[in-house]
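Structure, as structure tokens:
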Amino acid sequence: MNAKELIDKLYETSNLTDEELRFLLQADASIDEYLFERADCRRKEIYGNDVYLRGLIEISNYCKNNCYYCGIRCGNNKLERYRMDKETILECCKQGYALGYRTFVLQGGEDPYFTDEYICEIVGEIHATYPDCAITLSLGEKEKESYQAYFEAGARRYLLRHETAGEEHYGKLHPENLSLAHRKQCLFDLKEIGYQVGTGMMVGSPYQTVDDLIEDFRFMQELDPEMIGIGPYLTHLDTPFASFENGSMELTLRLIALLRLMFPYALIPATTALGTIHPTGREQGLKAGANVVMPNVSPTDFRKLYSLYENKICTGDEASHCRGCLEARVRSAGYEIVCAVGDSAKEKFRA
Ligand code: 5AD
Ligand code: FES
């Protein structure tokens, strides 16, 4: 089969063999026009022109982990650390709500200061104040009991990228105390509790191979996540990976399109990393199959400190500025922002 036939097969069956995937992952740029067209078609069948908003609140840049790629790793002693208190987080929600956001994502490093009790208190208060909003957590690996407690407090979604499903690759990105097996266990625990689960990987991280990407697809087929977030790996100078190159926008876009065809109902964000690697990265991501954007609602003072990678966009902007900016970007790509909770269409379609 040639590339066009493979793309048609993927469109029709949402699956390909490893060999076929490898072919599409390694093909030159000439396949992208048709691939993106098919992905956009699939996206429109399911989500129309809708783009959902997620207000992102970066609650802490303390992290007990030391991942080699990440700028907020505990080993980076050049970074000024911060954590928000409950009042600040609620203030972010208030602003986000006024801007039309109906999902709040509380993201942070693995910061023991945020005990389960405190997280539940915060989640409970957001839930009580904004019962019409979805609360998403992205706070790393926890015990199942902790995830259960957050769920009971009102959280319904959890983002935990698996980062790479290649066992060996995982070991090259993380210190020995972290394991792919445990990360996967967390994701399955979250599913079992009833969360809508988001996972994903960095694209072009050091030592990543095409086989690792195929493993990523296979793992996600097994997990069947509601959300899939991917972005290019971007080098942070205060990490052990300082001398590695950035991942590529082109491969990220191709993967977004393949993901849309393989996981038709997935919520796929056009990520901040994609907007950082290229001025129109997010618009291009939307055109390749993405259907979510995640505007930052953290206070401006904290934004530059949440430095996972270099040159992160929006660090000097007010929440309201990002709202307007995204409105224009989404429209210029040919889509429409909708102020809605924005659940995955998976349940609706399978019912
Ligand atoms: N480049 C790109 N993405 C990164 N992340 C962490 N460090 C980097 C980096 N250097 C991503 C990880 C994490 C998410 C919050 O940010 O995938 O899950
Ligand atoms: Fe923040 Fe464009 S989204 S300035």
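Numbering starts at 1 and runs along the sequence shown. Both ligands and their constituent atoms are indexed starting at 1 by order of listing.
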- prompt: Hey, does the Lys NZ or Arg CZ of R157 hover above the aromatic six-ring of Y195, less than 6.0 Å from the centre and inside 45° of the axis?
  reply: no
task: Please determine which of T300, D301, N296 meets the side chain to side chain donor-acceptor pair (under 3.5 Å) test together with S298.
output: N296
- prompt: What are the protein N/O/S atoms, named by residue and atom, that sit under 2.8 Å from atom 2 (Fe) of ligand 2?
  reply: C325 SG
message: Any salt bridge linking K44 with D40? Criterion: basic side-chain nitrogen under 4.0 Å from a carboxylate oxygen.
response: yes
field: Close-range residues for ligand 1, whose non-hydrogen atoms fall below the 4.0 Å threshold
entry: Y69, C70, Q107, R161, E163, M202, P232, Y233, L234, L308, Y309
- request: Answer yes or no on whether R156 is positioned over the face of F151, meaning its NZ or CZ is under 6.0 Å from the six-membered ring centre and within 45° of the axis.
  value: yes
field: Residues R22, E19: salt bridge by 4.0 Å N-O rule
entry: yes
Atom NZ of K94: over 12 foreign heavy atoms under 6.0 Å: no
statement: Short version for R282: what comes under 4.0 Å of ligand 2, heavy atoms counted, is side chain
message: Do R183 and Y170 form a cation-pi contact, if we require the NZ or CZ to be under 6.0 Å from the six-membered ring centre and within 45 degrees of the ring's axis?
response: no
message: Between F217 and L255, does the side-chain contact (heavy atoms from CB on, under 4.5 Å) criterion hold? Intermediate values first, please.
response: CA-CA 10 Å; F217 282 119; L255 283 162; 3.6 Å; yes
query: Would you call E327 and R331 a salt bridge, taking side-chain N to carboxylate O under 4.0 Å as the test?
result: yes
message: If you count every heavy atom of other residues, nucleotides or ligands that lies below 6.0 Å from E87 atom CD, does the total exceed 12?
response: yes
